[in-house]
2 protein chains.
Amino acid sequence: MAEGHGSASGGENLLFLTDEQLRKGIEAMFFAYRGFTADPDRILEDHAYGRAHHRALHFINRTHGTTVNNLLALLGVTKQSLNRVLRSLIEDGLVESRVGRTDRRERNLYLTPKGEALERALSEAQRERMRAAYRAAGPQAVAGFRQVLEAMMDDDIRRQYLGLRDRRP
Amino acid sequence: MAEGHGSASGGENLLFLTDEQLRKGIEAMFFAYRGFTADPDRILEDHAYGRAHHRALHFINRTHGTTVNNLLALLGVTKQSLNRVLRSLIEDGLVESRVGRTDRRERNLYLTPKGEALERALSEAQRERMRAAYRAAGPQAVAGFRQVLEAMMDDDIRRQYLGLRDRRP
DNA sequence: TTGGAATGTCAACAAGGCTGACTTAAAATG
DNA sequence: CATTTTAAGTCAGCCTTGTTGACATTCCAA
């Protein structure tokens, strides 16, 4: 019932964990996620792609030369599901799949210039919203935001998340 | 590239808004949302329901007697899509639909005891994860978390979010 | 050389979004 | 009172994205 979580005070008070407070957090996640995906979704419509394509582009860009298995673990879907998305991206010339150098069973995935262009457009739209939210909330809030999100992940996912680094070729 | 956002210092430093920082925020949203939905999803499987049912149950519980139109605005889906979900919940005896008192075109939606039971199981699982994340991150982080999420919502959605209150009958 | 791992493919299915068209009932409006 | 608008529900059909299961291919490694 009582609001007032917002004060940066509160110290070690644990009474703020009322069901109502938790409920608001749950709803905030739900509504914010809608905003979070809204801008890229609009761009994707024009290309007849969906969120699954966006996610693939994002992580291929993030870790150049990643393998399919690696991508599967990040995305948390079946290979059949990813394969469908990946195939269309390869056919359309946004992603290149190269046979692995050391292990030739593997395929290393790269964005083509065309793929990079779409990825950039998508991530710029998404970053712009994130940037605006960060600015509105301030640096302290951003730190807290990240801390809570990290704590909400499954353990194995958190490890993957923390391990992600830009790997430029 | 450089990490180090995590310090609660940082003050008014705006350099933390590097693309890499924003990217990490984007990925945190993606991975955290997976964790956020994981526990209810497991429960829903046993009942042959999906996330759409969970969302409907949540908001009907939240605003007892809400109308279909109201629910549509909250969920952001088409009435055909909601109707499919709603029909199964009504058929299964989890939701009751009563003709409106003042405006008889409207239907007021309520959870039955059975519906309340499932809603409680789902939301307790989700609240438990939220509670654990809040505890791990601390009160200051929670305030920041909520601030950033609110800032990320579309304006009209934020208004609805802020307006949500428990309406017990 | 054979077993197993990585990848890819085909088929079938389900959930849950969407659009469009249409009905019914009731309220609002002229 | 007649007309229009609104709320809700329904039917049909489509798309994306997830799922299983079965199976083929390639090729590293024991």
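Note on naming: letters A, B, ... go to the chains in the order of the sequence lines (proteins, then strands), and numbering restarts at 1 for each one.
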_dG16(C) OP1/OP2 closer than 4.0 Å to side-chain N/O of Ser81(B)_ = no
*Counting any heavy atom closer than 4.0 Å, what does Ser88(B) reach on the DNA or RNA strands: base, sugar-phosphate only, or nothing?*
nothing
*asked:* Whole angstroms only, please: what is the CG-P distance between Leu86(A) and dT17(D)?
replied: 13 Å
*asked:* Quick check for you: among dG18(D), dG8(C), dA8(D), whose closest atom lies nearest to any side-chain atom of Val68(B)?
replied: dA8(D)
*With sequence neighbours left out, write down each residue that passes salt bridge (charged side-chain N to carboxylate O under 4.0 Å, His left out) with Arg105(A), or none if nothing qualifies.*
Asp103(A)
_Val99(A) or Ala52(A), whichever maps to the more 5' nucleotide of DNA chain D_ = Ala52(A)
_OP1 or OP2 of dA6(C) versus the side-chain N and O atoms of Arg107(A): is any pair under 4.0 Å?_
no
*Does the base of dG21(D) carry an N or O that pairs as donor and acceptor with the side chain of Gln80(A) under 3.5 Å?*
yes
*Arg98(A) CZ to dG8(C) C1', straight-line distance once rounded to whole Å*: 20 Å
*Is the distance from OP1 or OP2 of dA15(C) to the nearest side-chain N or O of His53(B) less than 4.0 Å?*
no
_Tyr49(A) OH - dT16(D) C1' separation (whole Å)_ = 14 Å
*Write down the distance between CG (Leu82(B)) and P (dA8(D)), rounded to a whole number of angstrom.*
10 Å
*asked:* In whole Å, I'd like the distance from the NZ atom of Lys79(B) to the P atom of dT19(C).
replied: 12 Å
*Do the side-chain N or O atoms of Arg105(B) get closer than 4.0 angstrom to the phosphate oxygens (OP1, OP2) of dT6(D)?*
no
*Given dT6(D), is OP1 or OP2 found less than 4.0 Å from the side-chain N or O atoms of Asn69(B)?*
no
*asked:* So Val77(B) and Val85(B), do their side chains get closer than 4.5 Å, heavy atoms only?
replied: no
*asked:* From CD of Glu106(A) over to C1' of dG4(C), roughly how many Å is that when rounded to an integer?
replied: 15 Å
*Phosphate OP1/OP2 of dG18(D): any Arg55(A) side-chain N/O under 4.0 Å*: yes
_Under 4.0 Å, counting only non-hydrogen atoms across every strand here, what does Arg84(A) touch: a base, just sugar-phosphate, or nothing?_
base
*asked:* Does dT9(C) have OP1 or OP2 under 4.0 Å away from a side-chain N or O of Asn83(A)?
replied: yes
_I'd like to check Thr66(A) versus Phe59(A) (side-chain heavy atoms, cut-off strictly below 4.5 Å). Are they in contact?_
no
*Let me know, please, whether Thr78(A) or Ile90(B) comes out on the 5' side of the other along DNA chain D by nearest nucleotide.*
Ile90(B)
*When you check the gap from the basic side-chain N to the acidic O, do Arg42(B) and Glu45(B) get nearer than 4.0 Å?*
no
*Figure out the CG/P separation between Leu75(B) and dA8(D), and round it to whole Å.*
13 Å
*Is any side-chain heavy atom of Ile43(B) less than 4.5 Å from a side-chain heavy atom of Leu118(B)?*
yes
*asked:* Between Tyr161(A) and Leu149(A), is there a side-chain heavy-atom distance shorter than 4.5 Å?
replied: no
_Value in whole Å for how far the P atom of dA8(D) lies from CG of Asn70(B)_ = 9 Å
